[in-house]
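Some notes on the structure that comes next.
Scope of the values below: all heavy atoms of this structure, side chains included, with no hydrogens, waters or symmetry mates.
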Amino acid sequence: MKVGIMGGTFDPIHIGHLIAAECAREGSGLDEVWFMPSHIPPHKENAPKASPEQRLEMVRRAVAGHPYFRPTDVELAIGGVSYSVDTVTRLQELHPQHRFFYIIGADMVQYLPKWYRIGDIVSSIGFIGLERPGTELRLELLPANIREAVTLVPMSVVDISSTLIRSRKAEGRSVRYFVPDPVNDYIEEKRLYES
């Protein structure tokens, strides 16, 4: 089975994440997309506002009902800083029958050579780079082993971010339609991001 991994803090998950995952699934013929909240992302300066359990619960609610989407707590279970090489190793231990692909923005493809132990990662899994209009990407500048691991898939621009949603909530504004209704209900119930 071909499985796409949609990683991130998901603080909170929003419709941009879901649209990106659907584009990757259809564009690359993935059998499933697994949404994997990170424990402590290595590239983020600020810790997530919601707890790991709250972020996982929002992911569960966001993907419930989609036949090809599912949540996974692999990085939360590993704990500590979420390095992709550790995640890939654990995924392959748990699911040796699957082939995994990280789903990332095309703008992040250029930074793959800087990922911790990228040589080990690209020898184990592939990457799906979501190419938005206006993205300038020069695959020919990447080392051959990384370039060969990348598949580009076009997607529309969805100008929504978790930062925008947290800001709106802090200002007392609605985030309805920015997130799936069950996620909005959970944010309201737990009073997340209000300060």
Side-chain angles (χ1 to χ4, degrees), residues 1-39 41 52-53 55-78 82-109 111-112 115 117-133 135 137 139 142 144-158 160 162 179-183:
M1 185 160 72
K2 290 176 65 176
V3 178
I5 297 298
M6 190 81 178
T9 52
F10 299 122
D11 189 28
I13 188 169
H14 54 72
I15 62 165
H17 295 124
L18 300 171
I19 292 170
E22 190 72 344
C23 289
R25 186 185 70 79
E26 287 187 340
S28 297
L30 298 171
D31 296 297
E32 290 187 351
V33 176
W34 296 0
F35 289 75
M36 183 169 52
S38 58
H39 190 255
E53 295 78 17
R55 292 184 287 119
L56 180 60
E57 180 58 27
M58 287 189 278
V59 167
R60 281 192 183 110
R61 291 176 183 226
V63 304
H66 192 300
Y68 306 113
F69 287 179
R70 70 179 212 174
T72 179
D73 67 349
V74 167
E75 285 195 349
L76 297 180
I78 293 172
S82 301
Y83 288 108
S84 298
V85 67
D86 299 330
T87 304
V88 169
T89 300
R90 187 65 181 142
L91 284 170
Q92 291 181 327
E93 288 171 355
L94 293 171
H95 309 282
Q97 73 279 22
H98 297 338
R99 175 149 169 70
F100 292 100
F101 299 82
Y102 264 119
I103 300 168
I104 61 176
D107 54 328
M108 293 301 296
V109 169
Y111 294 99
L112 284 174
W115 282 34
R117 292 178 55 188
I118 187 63
D120 294 332
I121 297 172
V122 296
S123 67
S124 302
I125 69 167
F127 286 87
I128 298 169
L130 294 170
E131 198 169 21
R132 299 178 184 104
T135 302
L137 182 59
L139 283 180
L142 295 174
N145 63 330
I146 296 175
R147 189 172 56 240
E148 291 164 5
V150 174
T151 301
L152 296 177
V153 171
M155 83 166 275
S156 302
V157 173
V158 181
I160 296 175
S162 298
V179 299
D181 285 346
V183 174

Can you measure from [atom1] ([X]) to [atom2] ([Y]) and round to the nearest 0.5 angstrom?
{"X": "R117", "Y": "S124", "atom1": "CZ", "atom2": "OG", "value": "9.5 Å"}
{"X": "M36", "Y": "T87", "atom1": "CE", "atom2": "OG1", "value": "5.0 Å"}
{"X": "T89", "Y": "E93", "atom1": "OG1", "atom2": "CD", "value": "6.5 Å"}
{"X": "I125", "Y": "L91", "atom1": "CD1", "atom2": "CG", "value": "8.0 Å"}
{"X": "T135", "Y": "M108", "atom1": "OG1", "atom2": "CE", "value": "12.5 Å"}
{"X": "L18", "Y": "F69", "atom1": "CG", "atom2": "CZ", "value": "6.0 Å"}

Output yes when a side-chain donor or acceptor of [X] lies under 3.5 Å from a complementary backbone atom of [Y], and no otherwise.
{"X": "D31", "Y": "V3", "value": "no"}
{"X": "R55", "Y": "S38", "value": "yes"}
{"X": "S162", "Y": "P12", "value": "yes"}
{"X": "R70", "Y": "E32", "value": "no"}
{"X": "R147", "Y": "L142", "value": "yes"}
{"X": "H14", "Y": "G16", "value": "yes"}

Looking at [X] and [Y], what are the two nearest heavy atoms and their distance?
{"X": "I121", "Y": "S84", "answer": "CD1-CB, 3.8 Å"}
{"X": "C23", "Y": "L130", "answer": "CB-CD2, 4.4 Å"}
{"X": "V153", "Y": "S28", "answer": "CG2-OG, 3.3 Å"}
{"X": "V74", "Y": "T72", "answer": "CG2-OG1, 3.2 Å"}
{"X": "V179", "Y": "I13", "answer": "CG1-O, 3.4 Å"}
{"X": "P37", "Y": "V59", "answer": "CG-CG2, 3.9 Å"}

Run the side-chain contact (heavy atoms from CB on, under 4.5 Å) check on M58 and F10 step by step: do they pass?
CA-CA 8 Å; M58 287 189 278; F10 299 122; over 6 Å; no
Quick one about E22 and H66 (side-chain donor to acceptor, distance below 3.5 Å, no hydrogens or angles considered), yes or no?
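A donor-acceptor contact under 3.5 Å links the two side chains.
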Check the angle between the aromatic planes of F127 and Y102 and answer parallel, tilted or perpendicular using the 30° and 60° thresholds.
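F127 and Y102: parallel rings.
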Show, in sequence, the C-alpha distance, side-chain angles and deciding distance for V122 and L112, and conclude whether the side-chain contact (heavy atoms from CB on, under 4.5 Å) test is met.
CA-CA 9 Å; V122 296; L112 284 174; 5.8 Å; no
Pairwise side-chain contact, [X] with [Y], heavy-atom cut-off 4.5 Å (strictly under):
{"X": "L139", "Y": "L152", "answer": "yes"}
{"X": "S156", "Y": "I19", "answer": "no"}
{"X": "V85", "Y": "V88", "answer": "no"}

Aromatic ring centroids of F35 and H17 under 6.0 Å?
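Distance test on ring centres: not under 6.0 Å, no.
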